[in-house]
Protein chains: 2
Amino acid sequence: MRLVIARCSVDYEGRLKAHLPLATRLLLVKADGSVLVHSDGGSYKPLNWMSPPATLRVIAAEGTQLDEGIVEQWTVQSAKTDDRLIVNIYEQLHDSSHELGIDPGLIKDGVEADLQRLLAEQIETLGPGFTLIRREYATAIGPVDILARDANGGTVAVELKRRGDIDGVEQLTRYLELLNRDPLLAPVRGVFAAQQIKPQARVLATDRGIDCLTLDYDAMRGVDDADSRLF
Amino acid sequence: MRLVIARCSVDYEGRLKAHLPLATRLLLVKADGSVLVHSDGGSYKPLNWMSPPATLRVIAAEGTQLDEGIVEQWTVQSAKTDDRLIVNIYEQLHDSSHELGIDPGLIKDGVEADLQRLLAEQIETLGPGFTLIRREYATAIGPVDILARDANGGTVAVELKRRGDIDGVEQLTRYLELLNRDPLLAPVRGVFAAQQIKPQARVLATDRGIDCLTLDYDAMRGVDDADSRLF
DNA sequence: GAGTACATCTCGATG
DNA sequence: CATCGAGGTGTACTC
């Protein structure tokens, strides 16, 4: 990894064009040839970048470039597409390289998959007498998060989200439409379950006869821990 | 901006929990208190991070931490939420600080807005005899990208995407449903226009009587340039 | 490799 | 403030 602080201007050409006027920025060159251009604020997204795999070619400035104050030009070329990032460097204020090695990677807990596992284990959260048919029930248009049976033996399709948005209701609607064509399953009703359900999504779901269920991940994890302690 | 290369482990707790085992990484501390943890590969997304505004508190290790080899612990606390990032530093291999100033920001060209402008100017791309009613036609549930009239005087709603996905078809379907309730406009038919249309999106659109149109941005830009040269 | 859905999505516009 | 839609989305997973 190479870290350069420089006064520079940056141009990107590829899926779109983008230009960064002259200013002082961090240029981060990774081992795979990718380059990130960061300012001293904003979120984790760089101002501009080149995704790996890419190759960095550095050439000394000459002619009119020198007259404009450019000392060096970087061309970062994507190996797979014809995307290009061109960095004109006017002054280098810092330059250091470091060996980092391969990263073991991130371990996550609390994503949708965890929520799904917990809800499947605690299926009666949906209502008394509910039983799990299966998680990730496969259909032609994608997997239904949870398929269950209610106390009356009716089939219930559950769409699970961390944040319940209109998109999720649309997704569940498509699944329900398909599932209800299957005479062995029909009638199938829907439950839209999320940690937080947006008002518009709730209105749309209710309008389509889909039940909404707000989930408390911490409480469900608490039950899970309590269960684990019993065995 | 502060750049630190360190052997460290990182833990995030907030909307979810995430853990990074001990390894050598870049820690980037921005002026607004945000912190990015980068490895020497992958894309522009950090392994872990804290969004601004945030405050960084550094404390020297003590007791059992020292026994484990930790020399310093960073606590990055979000100012707005209770999200926290904890970095245990085992060894600092580099540490430098730099004044960058405020960045003038990015200038873009070629995003959906440009595509929309071009299609509005070249409305006969939709078919001979088409005329533009207006761009960004406002409805209660959001703006329709382009509203046009076909050769027979029928109203046509166009949903425009760079990448045509199922979401876009759903969006257009909602607009069509609403527009067709307006007796002054009905019947309104739909056109789903994108640089690339995914097969499933095409199937769904066709199933709903929505026409699909694949756009060639470069060709349209070429026409635009040619037009410009004429006047 | 293509397609699909999730994301601590981020980011901007808009009401 | 929330909502909605775009993104050079990235990323993981399935087929």
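In what follows, chains carry the letters A, B, and so on, assigned in the order in which the sequence lines appear, proteins first and then strands, with residues in each chain numbered from 1. This is a predicted model, so every value here is computed, not measured.
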Side-chain donor-acceptor pair present, [X], [Y], cut-off under 3.5 Å:
X      : Y      : result
A:T173 : A:R208 : yes
B:R163 : B:Q195 : no
B:K161 : B:Q196 : no
A:Q171 : B:E170 : no
B:R57  : B:Q77  : no

Taking only side-chain nitrogens and oxygens of A:Q171, does any of them come within less than 4.0 Å of OP1 or OP2 of C:dC6?
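Looking at the OP1 and OP2 atoms of C:dC6, one of them is under 4.0 Å from a side-chain N or O of A:Q171.
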Bracket string, DNA chain C, 5' to 3' - pairs by Watson-Crick or G-U geometry under 3.5 Å, | interstrand:
|||||||.|||||||
Integer-rounded Å distance: D:dA6 P and B:D165 CG
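Distance check: B:D165 CG to D:dA6 P gives 11 Å.
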CG of B:D145 versus P of D:dA6: gap in Å, rounded?
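It is 7 Å, rounded to the nearest whole Å.
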For a quick check of understanding: with a heavy-atom distance under 4.0 Å over all strands, which category does [X] fall into, base, sugar-phosphate or nothing?
X      : answer
A:P143 : nothing
A:Y175 : sugar-phosphate
A:E159 : sugar-phosphate

Hey, are A:R25 and B:D103 close enough for a salt bridge, meaning a charged N less than 4.0 Å from a carboxylate O?
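The answer is yes: the pair qualifies as a salt bridge.
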Identified salt bridge (Lys or Arg N to Asp or Glu O under 4.0 Å) counterpart of A:R221 within the set A:D216, A:D114, A:D109:
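Answer to the salt bridge (Lys or Arg N to Asp or Glu O under 4.0 Å) test with A:R221 among A:D216, A:D114, A:D109: A:D109.
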Reading nucleotides 7-15 of chain C 5' to 3', which nucleotides get B (base under 4.0 Å from a protein heavy atom), which S (sugar-phosphate only), which -?
SBSSS----
When the C1' atoms of C:dA7 and D:dA6 are considered, how many whole Å apart are they?
15 Å
Minimum-distance nucleotide (side-chain atoms of A:K161 versus C:dA5, D:dT3, C:dC6):
C:dC6
